[in-house]
**Q** 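One structure, pasted below without further comment.
Numbering starts at 1 and runs along the sequence shown.
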Amino acid sequence: MRSIVIGNQELKIKDYHCAINDDYLDKPDGKLWLYVNLTDICNGKCRFCINPSVEDGKNKIDPSSYRETLVKIKDYIYGVSLTGGEPMLFPELVNEIIGITQEICGNDIEKDIVTNGTGFGDILNRIDIEHLDSVHLSRHMITDRENDEVFGFSTATSDEIRSVLAEMDDPAQIVLNCVLMAGGIDTLQHVARYLQFASGLGVRNVSFIGLSRHNKFCVDNYIDPWKLDFKSDARFHIWNQYHDHEYCSCSSGSYDTGNRRIRFYYRRIGENIASYARQLVYMADGRLMAGFSGKEIRFD
């Protein structure tokens, strides 16, 4: 591990690339991804949520404080994700934060937003997605009714998603995020059906994520992505399989719907927590953290 100093913290950080086998190549820049919890307020009731602050969320970030922090850390980051809570509850704030990030970091870093689909039908008029590399829309079931049951409110409908994609110059900008869980998308056949459904909407990219086993629901409903036998179905083509020791592993591939190929990615989160900082997290209350379970970074 190499060390960097940010504020009052000396951080051990990942200094290698993930490996296909066990060949971990050096990663000289050692930069980190920044997750911005724009708010800890959420209208969803997802039982697998990894952000405990949403249970009694009341905060949203102060743009001026975010700007001050971003200026100090911009040389240490290679990407920014706007998340929450649900950021699209506050589209004007989303635009302000996108603007600040673009002003300070320009096109030198990747930028995306993760949303549960709140107001998605009008998203092209609500936020400046031209400054985002991708919009990750959480969609965990195929039918609208079942997806609403997972979230606990009326989410973006299939028709709304299809309509938004039809208006876009680059439909690949919209990525569907789907957690793998028992009773949901939990078999290879379900993955195939989901990809057929997504392609029918005009979606070009899908991410499947294994649950993080941080609560009883996630443990009881965990589906291991590596147990899905993609080789048994010729419609699937896997390009690569990377792993990062025991912390996580991921793979990319494509699926032949019969009319077109759709790209997909899947990730398995390990049970062990790394002893070094793997990301920076800017909290809705203005604190900068050395990872989701790391220490607060101060600049005073």
Side-chain angles (χ1 to χ4, degrees), residues 1-19 22-40 49-54 59-85 87 97-98 100-114 133-134 136 209-210 212-214 242-250 267-300:
M1 297 296 104
R2 62 176 290 194
S3 295
I4 61 173
V5 176
I6 304 179
N8 67 335
Q9 296 289 339
E10 180 179 356
L11 305 181
K12 298 288 186 181
I13 62 170
K14 177 180 175 181
D15 60 355
Y16 58 87
H17 294 281
C18 294
D22 288 316
D23 188 14
Y24 290 93
L25 302 178
D26 291 342
K27 182 182 178 183
D29 61 26
K31 292 188 176 183
L32 300 168
W33 195 277
L34 174 65
Y35 290 86
V36 178
N37 286 344
L38 187 133
T39 180
D40 55 20
C49 181
I50 63 173
N51 188 349
S53 66
V54 302
N59 299 298
K60 53 184 179 178
I61 67 174
D62 174 64
S64 60
S65 297
Y66 171 71
R67 177 191 294 274
E68 291 176 8
T69 299
L70 188 59
V71 167
K72 295 172 182 175
I73 66 173
K74 64 182 181 67
D75 293 334
Y76 301 102
I77 62 175
Y78 70 98
V80 173
S81 288
L82 303 185
T83 182
I97 298 306
I98 290 174
I100 291 171
T101 307
Q102 182 68 21
E103 174 192 337
I104 294 172
C105 300
N107 296 321
D108 294 334
I109 65 169
E110 295 182 51
K111 298 176 285 294
D112 64 44
I113 185 171
V114 181
D133 292 279
S134 56
H136 289 259
I209 313 295
S212 170
R213 285 159 282 187
H214 62 281
Y242 291 100
H243 63 272
D244 183 359
H245 297 286
E246 69 273 27
Y247 306 128
C248 64
S249 52
C250 65
R267 182 176 179 223
R268 180 183 188 273
I269 301 172
E271 295 186 70
N272 294 328
I273 298 175
S275 59
Y276 56 90
R278 295 170 62 83
Q279 61 278 124
L280 297 175
V281 183
Y282 188 84
M283 304 295 287
D285 59 10
R287 292 177 298 147
L288 178 67
M289 312 299 291
F292 290 103
S293 58
K295 296 180 179 179
E296 181 179 359
I297 298 172
R298 295 178 177 274
F299 295 95
D300 47 30

**Q** Once you round to the nearest 0.5 Å, how far does CG of Leu70 lie from OG of Ser65?
**A**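 It comes to 12.5 Å.
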**Q** Which distance, rounded to the nearest 0.5 Å, do you find between the CZ of Arg268 and the OG of Ser212?
**A**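 So the CZ of Arg268 and the OG of Ser212 are separated by 11.5 Å.
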**Q** Can you measure from CD (Gln102) to CG (Asp108) and round to the nearest 0.5 angstrom?
**A**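 Rounded to the nearest 0.5 Å, the CD-CG separation comes out at 9.5 Å.
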**Q** As an exercise, state the distance from SG of Cys248 to CD1 of Ile269, rounded to the nearest 0.5 Å.
**A**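 Answer rounded to 0.5 Å: 8.0 Å.
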**Q** Would the distance check show the side chain of Asp133 and the main-chain N or O of Lys111 forming a donor-acceptor pair, the cut-off being under 3.5 Å?
**A**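 Here the side-chain-to-backbone pair exists.
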**Q** Is there any salt bridge (Lys or Arg N to Asp or Glu O under 4.0 Å) pair reaching into residues 63-82, and which pairs are they, with sequence neighbours excluded?
**A**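 Residue pairs with at least one partner in residues 63-82: Arg67-Glu103.
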**Q** Set out, in order, the CA-CA distance, both residues' side-chain angles and the distance that settles ring-ring contact (aromatic ring centres under 6.0 Å, His included) for Tyr24 and His245, then state yes or no.
**A** CA-CA 9 Å; Tyr24 290 93; His245 297 286; 4.1 Å; yes
**Q** Taking the side chain as everything from C-beta on, heavy atoms only, tell me whether Lys12 gets closer than 4.5 Å to Ser275.
**A**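 The answer is no; the side chains never approach within 4.5 Å.
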**Q** Ignoring hydrogens, what is the shortest heavy-atom contact between Val5 and Gly7? Give both atom names and the distance.
**A**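 Minimum heavy-atom contact is CG1-O, 3.7 Å.
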**Q** Can you tell me if His243 uses its side chain to pair, donor with acceptor, with the backbone of Asp22 under 3.5 Å?
**A**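 Side chain of His243 to backbone of Asp22, a donor-acceptor pair under 3.5 Å: no, none is there.
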**Q** Mark yes or no: Lys27 above the aromatic ring of Tyr78, with NZ or CZ under 6.0 Å from the six-membered ring centre and no more than 45 degrees from the axis.
**A**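 Judged by the rule (NZ or CZ under 6.0 Å from the ring centre, within 45° of its axis), Lys27 counts as positioned above Tyr78.
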**Q** Could you go through residues 276-286 and list every donor-acceptor pair under 3.5 Å that involves a side-chain atom there, pairing it with any protein atom two or more places apart or in another chain?
**A**
{"residue": "Tyr276", "atom": "OH", "partner": "Tyr16", "partner atom": "OH", "Å": "2.6"}
{"residue": "Tyr276", "atom": "OH", "partner": "Arg278", "partner atom": "NH1", "Å": "3.1"}
{"residue": "Arg278", "atom": "NH1", "partner": "Asp244", "partner atom": "OD2", "Å": "2.5"}
{"residue": "Arg278", "atom": "NH2", "partner": "Asp244", "partner atom": "OD2", "Å": "3.1"}
{"residue": "Tyr282", "atom": "OH", "partner": "Tyr66", "partner atom": "N", "Å": "3.3"}
{"residue": "Asp285", "atom": "OD1", "partner": "Arg287", "partner atom": "N", "Å": "3.2"}
{"residue": "Asp285", "atom": "OD1", "partner": "Arg287", "partner atom": "NE", "Å": "3.2"}
{"residue": "Asp285", "atom": "OD2", "partner": "Arg287", "partner atom": "NE", "Å": "2.9"}
{"residue": "Asp285", "atom": "OD2", "partner": "Arg287", "partner atom": "NH2", "Å": "3.2"}

**Q** Considering all heavy atoms of both residues, which atom of Cys105 and which atom of Ile77 are nearest to each other, and what is their separation?
**A**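 Heavy atoms of Cys105 and Ile77 come nearest at SG-CD1, 4.4 Å.
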**Q** Please find the pair of heavy atoms, one from Tyr247 and one from Ala274, that lie closest to each other, and give the distance.
**A**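 So the minimum-distance heavy-atom pair works out to CE2-CA, 3.4 Å.
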**Q** Of the non-hydrogen atoms in Ser81 and Trp33, which two are nearest, and what is the gap between them?
**A**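 Here Ser81 and Trp33 meet closest at OG-NE1, 2.9 Å.
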**Q** So if I apply the side-chain contact (heavy atoms from CB on, under 4.5 Å) rule between Thr69 and each of Leu288, Leu34, Val36, which one comes out positive?
**A**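 So, applying the side-chain contact (heavy atoms from CB on, under 4.5 Å) to Thr69 and each of Leu288, Leu34, Val36, only Leu288 qualifies.
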**Q** Kindly indicate whether the side chain of Tyr242, heavy atoms from C-beta on, has any atom under 4.5 Å from the side chain of His17.
**A**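 The answer is no; the side chains never approach within 4.5 Å.
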**Q** Looking only at atom types and distance, does a side-chain atom of Thr39 sit under 3.5 Å from a main-chain N or O of Asn59, one as donor and one as acceptor?
**A**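 Such a contact is found between Thr39 side chain and Asn59 backbone.
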**Q** Could you check if a side-chain atom of Asp15 sits within less than 4.5 angstrom of a side-chain atom of Ile13, using non-hydrogen atoms only?
**A**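 No; the side chains remain at least 4.5 Å from each other.
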**Q** Measuring only between side-chain heavy atoms, which start at C-beta, is Leu32 closer than 4.5 Å to Ile73?
**A**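 Not in contact.
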**Q** Give, for atom SG of Cys49 and atom NE2 of His214, the distance between the pair rounded to the nearest 0.5 Å.
**A**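 If we round to the nearest 0.5 Å, Cys49:SG and His214:NE2 are 6.5 Å apart.
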**Q** Does CG belonging to Asn272 count more than 12 external heavy atoms closer than 6.0 Å?
**A**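 Yes, the 6.0 Å shell around CG holds more than 12 heavy atoms from other groups.
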**Q** Working to the nearest 0.5 Å, report the span between CD1 of Ile100 and CD1 of Ile61.
**A**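 It comes to 7.5 Å.
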**Q** Mind listing the side-chain donor-acceptor pairs of residues 289-300 below 3.5 Å, one per line with the distance, residues two or more places apart or on another chain?
**A**
{"residue": "Glu296", "atom": "OE1", "partner": "Arg298", "partner atom": "NH2", "Å": "3.4"}

